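My questions will all concern the structure given below.
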Amino acid sequence: MRERRRLRLGILVLVSVVLLGAIPLYFGIRTLSRDPVFDTLDALDVPSWAASETVDNVSGSRWCLQDCRLRERTVESQRAPEETARVYEAALRADGWEPWKVSLCPEQPAKGSYTCWRRDELTLDLWVREPTCVPPPVSGEPAVPPSPAASPAAGECAGSLVSVKVRNAIDDERTRPQPSTDPSLTGEDPFPTVSDDPLGELTPSPS
């Protein structure tokens, strides 16, 4: 009887130790794997119709080892770009973001509404435009660039598409002094247009 009690007590202690260690470990791994910037974006006070089919991508190091962290989010909205842009801009202001008037915003010509924002050590690019009838990107895979011939189809491409890019201000080249090179003197544009997408392709998250 004494041996059985000791065995039961030992098993109970072992289970307790495992549970007490596993629970903090689980939440610790979850915290490290989830970027807090996405939690901030989730907390934006936007209506449900303006935040559906959310796709997140992340690259770089949170501690800026070699490359700083880059967060990218694509969201579908059920209403027009103008109304969608208004609710997102109001939500950003309410959350402490300030409009950032800076050159290279956008870095490339963009259709729709393109605005830049700053808060603390972060910069944010908000691009709201009409959908392009291209299937939304799958999480973890790069977005398919829209075809120049793609045009919104009635009933299928209603609403708008929202793209958000958040970077560390220290890693955003627009926070640094910009060269004042005159293209007429050098014969070339120091900021040539590479593509039609001002945000560039979404970077796949590491597997």
Side-chain angles (χ1 to χ4, degrees), residues 33-46 50-77 81 84-132 134-146 159-176 178 191-206:
S33 61
R34 176 66 175 177
D35 195 300
V37 172
F38 288 123
D39 294 333
T40 300
L41 296 178
D42 291 338
L44 289 177
D45 187 17
V46 295
S52 61
E53 301 296 331
T54 300
V55 178
D56 291 334
N57 284 278
V58 62
S59 63
S61 169
R62 184 180 301 181
W63 296 277
C64 287
L65 301 176
Q66 295 184 346
D67 296 321
C68 288
R69 179 63 59 93
L70 172 63
R71 304 92 171 170
E72 297 167 295
R73 166 170 289 189
T74 301
V75 180
E76 293 183 5
S77 172
T84 302
R86 285 196 299 269
V87 298
Y88 270 93
E89 291 173 8
L92 288 172
R93 287 190 176 92
D95 198 41
W97 292 88
E98 297 181 356
W100 186 29
K101 304 297 183 180
V102 64
S103 59
L104 301 181
C105 177
E107 298 180 13
Q108 310 295 337
K111 296 180 180 180
S113 173
Y114 196 108
T115 53
C116 297
W117 305 76
R118 286 198 66 171
R119 192 186 76 172
D120 301 328
E121 77 282 2
L122 299 174
T123 66
L124 182 148
D125 289 33
L126 173 67
W127 184 26
V128 184
R129 72 280 190 192
E130 293 182 350
T132 55
V134 174
V138 179
S139 181
E141 297 183 2
V144 178
S160 55
L161 192 62
V162 182
S163 293
V164 179
K165 176 185 286 187
V166 182
R167 288 176 279 191
N168 293 63
I170 193 175
D171 194 48
D172 193 330
E173 62 181 10
R174 295 171 298 180
T175 63
R176 308 164 191 163
Q178 298 297 317
F191 303 106
T193 300
V194 178
S195 67
D196 295 331
D197 187 352
L199 286 178
E201 294 185 358
L202 290 177
T203 305
S205 57

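Sequential numbering from 1 along the given sequence is applied to the chain's residues. Note that the coordinates shown come from a computational prediction; the quantities given were computed from them, not determined experimentally. These numbers come from the heavy atoms of this one structure, side chains and all, not from hydrogens, waters or symmetry mates.
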Discussion item. Between D125 and R167 (salt bridge meaning N to carboxylate O under 4.0 Å), is one present in this structure?
Written reply: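 Yes, D125 and R167 are salt-bridged.
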Discussion item. Nearest 0.5 angstrom please: W100 CH2 to R119 CZ, how far?
Written reply: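 Nearest 0.5 Å value for the CH2-CZ distance: 15.0 Å.
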Worksheet entry | Sidechain-backbone polar pair: S77 side chain, T84 backbone, donor-acceptor under 3.5 Å | no
Worksheet item: Is the shortest heavy-atom distance from the side chain of L124 to the side chain of L92 under 4.5 Å?
Response: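 Yes, at least one pair of side-chain atoms sits under 4.5 Å.
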Worksheet item: Can any side-chain N or O of N168 pair as donor or acceptor with the backbone N or O of I170 at less than 3.5 Å?
Response: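 Checking the backbone N and O of I170 against the side chain of N168, no donor-acceptor pair under 3.5 Å is found.
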Worksheet item: Run the side-chain contact (heavy atoms from CB on, under 4.5 Å) check on V164 and L41 step by step: do they pass?
Response: CA-CA 9 Å; V164 179; L41 296 178; 4.3 Å; yes
Discussion item. I need the minimum non-hydrogen distance between A91 and L44, along with the two atoms involved.
Written reply: O-CD2, 3.8 Å
Item to complete: Using the ring of W127 (Phe, Tyr or Trp, six-membered ring only), decide whether R129 places NZ or CZ under 6.0 Å from its centre and within 45 degrees of its axis.
Response: yes
Worksheet item: Just how far is it from atom CD of E107 to atom OH of Y114, taken to the nearest 0.5 Å?
Response: 6.5 Å
Practice prompt. Measure the CD-CG distance between E121 and D171 for me, rounded to the nearest 0.5 Å.
Written response: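 Result: 12.5 Å between the selected atoms.
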Worksheet item: Hey, mind stepping through L70 and K165 against side-chain contact (heavy atoms from CB on, under 4.5 Å) and telling me if it holds?
Response: CA-CA 7 Å; L70 172 63; K165 176 185 286 187; 3.5 Å; yes
Practice prompt. Could you tell me which non-hydrogen atom of R118 sits nearest to which non-hydrogen atom of D120, and how far apart they are?
Written response: NH2-O, 4.2 Å
Worksheet entry | Test item: T40 side-chain N/O and P36 main-chain N/O as donor-acceptor pair under 3.5 Å |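 Present.
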Practice prompt. Evaluate the side-chain proximity of E72 to V58: yes if any heavy-atom separation is below 4.5 Å, no if none is.
Written response: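 They are not in contact (no side-chain heavy atoms under 4.5 Å apart), so the answer is no.
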Worksheet, complete the sentence: Output for pair (N57 CG, T74 OG1), nearest 0.5 Å, gives 7.0 Å
Practice prompt. Using a 4.5 Å cut-off on heavy atoms from C-beta on, say whether the side chain of W117 contacts that of L126.
Written response: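 Yes, close enough: below the 4.5 Å cut-off.
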Item to complete: Could you give me the CA-CA distance, side-chain angles and deciding distance for V37 and L122, then say whether side-chain contact (heavy atoms from CB on, under 4.5 Å) is met?
Response: CA-CA 9 Å; V37 172; L122 299 174; 3.9 Å; yes
Fill in: Test log, rule side-chain contact (heavy atoms from CB on, under 4.5 Å), inputs E89 and S113
CA-CA 10 Å; E89 291 173 8; S113 173; 3.6 Å; yes
Practice prompt. Search all heavy atoms of C116 against all heavy atoms of R174 and return the closest pair with its distance.
Written response: SG-NH1, 3.4 Å
Worksheet item: Are D42 and R73 close enough for a salt bridge, meaning some N to O gap below 4.0 Å?
Response: yes
Discussion item. Looking at every heavy atom in both A169 and T175, which two are closest together, and how far apart are they?
Written reply: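 Looking at all heavy atoms of both residues, the shortest contact is O-OG1, 2.9 Å.
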Practice prompt. State plainly whether the residues D56 and R71 are in salt-bridge range, i.e. N to O under 4.0 Å.
Written response: no
Discussion item. Please find the pair of heavy atoms, one from Y88 and one from V162, that lie closest to each other, and give the distance.
Written reply: CE1-CG2, 4.0 Å
Response to the item:
Closest heavy-atom pair, V46 versus A51, reported as atoms and distance to 0.1 Å, is CG2-CB, 4.1 Å
